[in-house]
Amino acid sequence: KQEVTQIPAALSVPEGENLVLNCSFTDSAIYNLQWFRQDPGKGLTSLLLIQSSQREQTSGRLNASLDKSSGRSTLYIAASQPGDSATYLCAVNSGGYQKVTFGIGTKLQVIP
Amino acid sequence: ETGVTQTPRHLVMGMTNKKSLKCEQHLGHNAMYWYKQSAKKPLELMFVYSLEERVENNSVPSRFSPECPNSSHLFLHLHTLQPEDSALYLCASSQMGNSPLHFGNGTRLTVT
């Protein structure tokens, strides 16, 4: 059974700092890995999706990497802004019909 | 409208009530999902519909009854719920295969 862990559970940083969020998973046989952002009381917004054959994906100030062999993914946020404050979730797709396992998330606060 | 739309945003119901949650997607996707999000727990997959057929039912109690009348609409019918069913219920859609999940903003359900 796939298990997904996100560390740290919460993170507080000053505005402008570069930061890294971590996601680890127990079964390396995955189809893809997706990073989401969730604002309080809202749904999930997809940030990046990395296919199992890829090593990284970039979108603006975000860069996600994937190392299947070690069961790890990182989300790098450059030059953080207060608007980046949210909970970031990692989701691992291990099978068809989107059998997706989510982590509990990292709650990020960027202080102005 | 674009994306995935869920109604209502908030719902308070007694344990003997019957209510329904509605989800509509405008993305042309062929798979739709119900997830449950409880505090400090990972998202739990409840049901998956692919081409309007239920293909996943993760041992969800029968007091939750899904319905998918067409590829754009998904309902979750609720009957005689328990207080522990209080949670954020999220609808998602995707193309079958390894494509990203797209989520609605969820329905915050409180069972009294």
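Chain letters run A, B, ... following the sequence lines, proteins first and then strands; every chain starts at 1. FYI, side chains are in, hydrogens and waters are out, and symmetry mates aren't considered; it's all heavy atoms of this structure. Predicted model only: the values in this text are computed from it and were never measured.
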Hydrophobic cluster identity match, A:Leu75 and A:Val20, side-chain contacts under 4.5 Å: no
Applying a strict under-4.5 Å side-chain criterion to I, L, V, M, F, W and Y, I'd like to know whether A:Tyr31 and A:Trp35 cluster together. no
At their closest point, which heavy atom of A:Gln38 faces which heavy atom of B:Leu88, and how far apart are they? NE2-CD2, 3.8 Å
Side chains of B:Leu101 and A:Leu44: closer than 4.5 Å at any heavy-atom pair? no
Proximal to chain B - members of residues 101-112 of chain A, heavy-atom separation under 4.5 Å: A:Phe102, A:Gly103, A:Ile104
How about A:Val100 and B:Tyr35: do any of their side-chain heavy atoms sit closer than 4.5 Å? yes
According to a 4.5 Å side-chain heavy-atom criterion applied to Ile, Leu, Val, Met, Phe, Trp and Tyr, with indirect links allowed, do A:Ile30 and A:Leu49 form part of one hydrophobic cluster? no
Select all residues of residues 65-74 of chain A having any heavy atom within less than 4.5 Å of some heavy atom of chain B, and report them by number, or 'none'. none
Please determine whether residues A:Phe36 and A:Tyr88 belong to a single hydrophobic cluster, defined as Ile, Leu, Val, Met, Phe, Trp and Tyr linked transitively by side-chain heavy-atom distances below 4.5 Å. no
Using non-hydrogen atoms only, which part of A:Leu89 is less than 4.5 Å away from chain B: side chain, backbone, both, or neither? side chain
Toward chain A, the part of B:Gln37 with a non-hydrogen atom under 4.5 Å: side chain
Do B:Phe103 and B:Met46 share a hydrophobic cluster, counting only Ile, Leu, Val, Met, Phe, Trp and Tyr and linking them when any side-chain heavy atoms are less than 4.5 Å apart? no
Which atom pair, heavy atoms only, marks the closest approach of A:Gly41 to B:Arg9? O-NH2, 3.1 Å
